[in-house]
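Read the structure below first, then the notes.
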Amino acid sequence: MIRMVSDSDSDVEKAPASKNGHESDGSQSDKDSKIKKKKLKPAKKRVKACDVAEMSSDEEDEYTDNKKVYESDEDSEAEEEVIDEDNLSKNRKDVLTFFNEGTELELQAIKGGGGVKAKNIMAMRPYKGWKECVKKIKGGKKLNTDLLNNASMLIKMRDAVSRLMIKCEKITKKMNKMVEDLTNPDSTMELTEQPKCIPVDLKMHDYQLIGLNWLALMHKQSLNGILADEMGLGKTIQAVSFLAHLKEIGEEGPHLIIVPASTMDNWQKELDMWCPNLEVLNYYGAMDERRHMQQEILNQRIEFDVILTTYSMVVNDSKLFRKIDVHYVIFDEAHMLKNMATSRYENLMRIKASRKLLLTGTPMQNNLVELMSLLVFVMPNLFANKKEDLKKIFAMFPKSQGSEVRSGHEQKIILHAKQIMKPFFLRRVKSDVLKNLPEKTEEVIQVPMIKSQHESYSNMKQEYKNRAKDIADGKVVAKNDFGMSMIMNLRKLAIHPLLIRIHFDTSKVRQMAQILKEDQSHENAEEKLIIEDLSVMSDFDINSTCLHYRCIRHLQLSNHQLCDSGKFKLLDEMLPKMKVDGDKVLIFTQFVMVLDIMDKYLKI
């Protein structure tokens with residue numbers, strides 16, 4: 001595995017911490033630390049993309065004409081139009097029907113409309129003909145004839161979306177049967193064994209093998225997919241095994257994997273463990289280091305099967321990732337791909353790749369923008385020239401969440417989109433695939449703080465009360481973030497006192513600054529600035545500083561202080577019993593620093 005690891009740098013995205021809590025320092029074996037200076041093999045075998053575009057009609061279904069249903073008031077007054085109510089144009093009939101039958105929410109979606117205007121339109125019903133409709137709208141309170149043309153535009157755009165959905169449905173019908181057969185327990189799978197390059201001591205679960213077959217099926221059909229298994233079912237392993245399968249059949253890549261910085265370390269380990277044959281280039285580091293890697297990549301002086309990088313690296317070096325042509329791009333936890341209106345979505349979709357795979361742990365939501373964004377992701381060729389129109393349509397819909405406040409049209413599109421997405425969206429939950437899974441039980445435990453923690457909490461609360469009173473009396477000016485920082489500090493203290501600064505009071509901070517100023521490491525520093533830096537740090541950060549500099553190491557916190565928390569006291573009781581019972585423990589926390597403290601705690 002090829003790894004390019006950055007040194008510590010102010011403008012650098014740091015490599016994620018390893019499992020034992022220490023940051024990667026870039027030291028690796030000689031084999032790993034050397035870049036393989038070898039030209040890439042030209043013209044690697046790939047499945048030709050693109051039957052999706054061929055399946056769709058060449059005709060443009062979208063609204064392309066700009067004909068108005070009502071000309072300007074000035075023109076109408078100058079020369080009154082003769083209207084044949086029995087032979088109205090289709091556009092005028094649609095607007096007339098919409099004004100007579102549209103719900104309040106649907107009327108609100110008209111550009112320039114709103115709640116009051118929608119109510120006024122409904123209050124003047126019925127509209128018996130076009131001439132009467134124009135007259136009422138012209139004379140209506142807070143209404144104007146622009147609403148007629150804007151309503152026509154809305155109707156045409158909605159119809160365009162409906163036609164696009166029908167196109168998508170034709171493609172979906174072909175896939176539905178294949179996917180249903182594949183996920184049937186009694187079905188015969190094409191891939192009955194895991195890829196041979198996976199070490200023999202590692203075995204994929206049956207449901208993971210089904211996931212691999214699903215990925216292979218999507219690949220054969222030249223379609224993008226979304227693997228959305230519940231967390232803990234091994235989406236990473238299934239994706240890695242799929243890349244291994246591609247290599248075995250001669251489609252070696254290169255591939256691009258884009259992940260959050262917090263999961264990069266885990267991806268490195270899984271790639272190393274499950275498919276050591278894949279040559280992986282870890283693309284992150286300082287600007288100078290990345291420039292060097294860019295030259296190596298663009299000039300094909302480095303051999304790799306996979307580039308592993310983070311979203312921030314792709315954003316920072318977007319020009320590079322638009323130049324390179326990859327076989328598969330895998331997006332891990334790509335929440336920004338669920339909203340096509342964002343610039344991040346546009347940048348990520350511009351990456352040149354034959355196929356795309358999205359990994360997410362969340363099911364499909366009842367959110368129109370998200371569902372349509374995912375449809376564009378799955379069938380980019382079909383929607384290639386239609387994204388701007390879709391954005392306009394989404395802007396017209398009210399920003400509602402609950403189904404009870406959605407229009408009937410919006411709910412209809414959501415249900416249609418979810419049905420279309422079904423074969424391209426594979427989601428399994430633990431209760432369905434893990435047969436020996438015990439029944440899930442939930443218990444919320446109210447954990448009391450220990451005595452010292454409770455005293456600190458009470459003192460802080462009283463201090464904030466006094467400050468709030470001074471603000472109310474006009475003695476001090478409130479800062480904009482006073483309320484939020486107060487709540488956050490109380491929350492941190494309730495979890496663990498080391499998340500804020502209590503033990504290292506002002507006198508200790510000054511003492512440390514004086515010692516550091518005398519040390520060679522800070523001989524050119526100002527004592528005042530050292531004090532300022534330490535004053536804004538938490539106890540745990542300051543303790544880490546003590547461990548870093550020998551001259552102040554004697555001021556580090558004791559093991560007792562590291563464990564000084566009500567929640568850690570509860571863990572003292574629970575963890576030994578869980579270990580004896582052979583239980584596995586997964587801990588979530590809002591603050592990354594809590595995991596760093598726990599790393600120290602578990603080693604005591």
Is a donor on one side and an acceptor on the other found under 3.5 Å between the side chain of [X] and the backbone of [Y]?
X: Q194; Y: L209; result: no
X: D541; Y: M537; result: no
X: R501; Y: D539; result: no
X: N459; Y: E455; result: yes
X: N543; Y: Q556; result: no
X: E303; Y: E279; result: no
X: Q561; Y: S558; result: yes

* Determine the minimum heavy-atom distance between F331 and K356, stating which atoms define it. => CE1-CD, 4.1 Å
* Structure fact -> Closest non-hydrogen contact found for P497 with S565 is CD-CB, 4.3 Å
* Got a sec, which pairs hit ring pair (Phe, Tyr, Trp, His ring centres under 6.0 Å) with one end in residues 569-593, sequence neighbours left out? -> none
* What residue among L498, L499, V594 forms side chain to side chain contact (heavy atoms under 4.5 Å, CB included) with K492? -> L499
* **Partner of I307 under side chain to side chain contact (heavy atoms under 4.5 Å, CB included), chosen from I324, I257, V326** => I324
* To do: Please confirm whether F304 and Y283 have ring centers closer than 6.0 angstrom.
  => no
